[in-house]
Amino acid sequence: MFSFCTFLAVATITLCCGNIAMAATHHSPASRFDAYEGRVMCGYQGWFRAPGDEVQSTGWGHYASHGKFDAGNVHIDVWPDVSEYEKIYPTALKMADGTSARVFSSVDASTVGLHFKWMRDYGIDGVFVQRFFSGLRMPESRLKSRRVLEQSLTSSRKYDRAISVMYDLSGLKASGEDCSAVIEDWKELVDDLKLTSQGTDQTYLYDHGKPLVAIWGLGFPDRPYRARDIGVDRLINFLKHDPVYGGCSVVLGVPNYFREL
């Protein structure tokens, strides 16, 4: 019902970190969720938008094709069951009884809360909230794109679900661009949202005693960028070894055929 992808279709590599004293970083020393192994975690994109939602979206984000959301321009694969949603929005499409077909917006607090309730009810341990590179280039867009993460952080506490950040490198340009904006975003999340410093009973997912950060999109030959050219080694080194923001465990999202690249 809600937009997510799992790690089941890909291989993941957990990179353990060096010996950084957690007390020297901005992270709390522990979490309610202290291990990644054995958990059912999903990817949470939160990319659907509807005109008039809680951030006053002007279009049908991710629902529409070519800027239109009608019978000839539907971008989604299945229609969501919206019977449990608090806020839903009418579209130009019609149900069999002639009423307007309605959809949800991912940015509404009630939407995120319902998704986390479903996770609790159906045994999903938590989510990797995706941060897409296309929204990270500038400080203003990084701030604007936090909405779903902020709501997810609140709902993770309410429904006792784990939460972790996944940086999706989709949108990185082919030439002359590196992923250093991810470093700036992580600093802002740690400082402004206190993402990993909510005390030892926090819901941010830890692994081997360290906050877990995922980086998605390495090793895909159909991407316009080459992993060796985008500064990912600097990014991983920062997440692992920076004295203030580092001390993290890192998971890489790679193709399921990565051993044959």
Side-chain angles (χ1 to χ4, degrees), residues 1-7 9-10 42-119 127-152 155 165-175 177 179 181-182 185 216-217 220-225 253 255:
M1 303 300 180
F2 59 103
S3 173
F4 67 171
C5 67
T6 71
F7 267 154
V10 301
C42 296
Y44 194 69
Q45 286 92 1
W47 51 28
F48 293 106
R49 302 289 184 272
D53 58 22
E54 290 181 6
V55 297
Q56 297 301 308
S57 299
T58 56
W60 298 100
H62 211 74
Y63 284 116
S65 296
H66 308 103
K68 301 177 182 178
F69 191 26
D70 54 29
N73 295 280
V74 176
H75 186 65
I76 55 178
D77 298 313
V78 295
W79 198 269
D81 179 352
V82 296
S83 58
E84 294 184 60
Y85 285 85
E86 179 180 320
K87 293 184 177 182
I88 50 177
Y89 302 87
T91 72
L93 292 97
K94 301 295 182 182
M95 303 293 284
D97 62 2
T99 60
S100 176
R102 295 172 180 263
V103 294
F104 64 87
S105 173
S106 299
V107 298
D108 290 343
S110 58
T111 292
V112 179
L114 179 62
H115 293 167
F116 274 78
K117 177 182 179 295
W118 284 344
M119 292 177 221
V127 291
F128 290 93
V129 180
Q130 291 188 264
R131 302 279 290 156
F132 294 95
F133 188 84
S134 56
L136 303 182
R137 289 187 175 93
M138 303 299 294
E140 300 81 14
S141 60
R142 292 198 294 269
L143 184 63
K144 184 178 180 181
S145 69
R146 281 189 204 170
R147 171 76 181 188
V148 172
L149 177 59
E150 292 170 344
Q151 300 292 351
S152 297
S155 294
V165 167
M166 174 186 288
Y167 286 107
D168 190 324
L169 300 182
S170 302
L172 199 67
K173 295 178 181 178
S175 60
E177 187 171 48
C179 56
V182 173
D185 185 69
W216 172 268
F220 291 84
D222 59 339
R223 298 291 177 93
Y225 55 84

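None of the values given here were measured: they were computed from a predicted structure.
The nearest pair of heavy atoms linking S155 to G113 is OG-CA, 3.4 Å. Pairing each heavy atom of R223 with each of G217, the nearest pair is NH1-CA, 3.8 Å. Listed here is the closest heavy atom pair of G135 and S145: O-OG, 3.9 Å. The heavy-atom pair separating P224 from L172 by the smallest distance is CG-O, 3.6 Å. Across all their heavy atoms, A50 and S57 have their closest contact at O-CB, 3.5 Å.
By the 30° and 60° cut-offs, the orientation of the rings of F48 relative to H62 is perpendicular. Using a 30° and 60° split on the angle between ring planes, Y85 and W118 fall in the perpendicular class, above 60°. Between Y44 and H115, the ring-plane angle classifies as perpendicular under the 30° and 60° cut-offs.
By the ring pair (Phe, Tyr, Trp, His ring centres under 6.0 Å) test, F69 is found to be paired with W60, Y63, W79, residues two or more places apart in sequence or in another chain being considered. Partners of R137 according to the salt bridge (charged side-chain N to carboxylate O under 4.0 Å, His left out) rule, which considers only residues two or more places apart in sequence or in another chain, are E177. Not counting sequence neighbours, the partners of K117 by the salt bridge (charged side-chain N to carboxylate O under 4.0 Å, His left out) test are D121. Listed by chain and residue number, E188 satisfy the salt bridge (charged side-chain N to carboxylate O under 4.0 Å, His left out) test with R142 (two or more places apart in sequence, or in another chain). Residues passing the ring pair (Phe, Tyr, Trp, His ring centres under 6.0 Å) test with F133, sequence neighbours excluded: none. Legend: residues meeting side-chain hydrogen bond (donor to acceptor under 3.5 Å, both in side chains) with N73, ordered by chain and number and at least two apart, are H66, D70. For the salt bridge (charged side-chain N to carboxylate O under 4.0 Å, His left out) test, residues two or more places apart in sequence or in another chain that qualify with D185 are R131.
Pairs passing the salt bridge (charged side-chain N to carboxylate O under 4.0 Å, His left out) check and including a residue from residues 90-113, sequence neighbours excluded, do not occur. Listed by first and then second residue, the salt bridge (charged side-chain N to carboxylate O under 4.0 Å, His left out) pairs that reach into residues 48-58 are E54-K87, E54-R147, sequence neighbours excluded.
Side-chain contact check for W216 versus F128: every heavy-atom pair is 4.5 Å or farther apart. For the pair L169/Y225, a side-chain contact is recorded, criterion being any heavy-atom separation below 4.5 Å from C-beta on.
Taken to the nearest 0.5 Å, the OH atom of Y89 stands 5.5 Å off from the OG atom of S105. To the nearest 0.5 Å, atoms CD (Q45) and OG (S170) are separated by 10.0 Å. Summarising the geometry, atom OG belonging to S134 is positioned 7.5 Å from atom CG belonging to L136; distances are rounded to the nearest 0.5 Å.
Using modelled atom types, one side-chain atom of S152 and one backbone atom of V148 make a donor-acceptor pair closer than 3.5 Å. Although no hydrogens or angles enter the test, the distance criterion places no donor-acceptor pair under 3.5 Å between the side chain of T111 and the main chain of S106.
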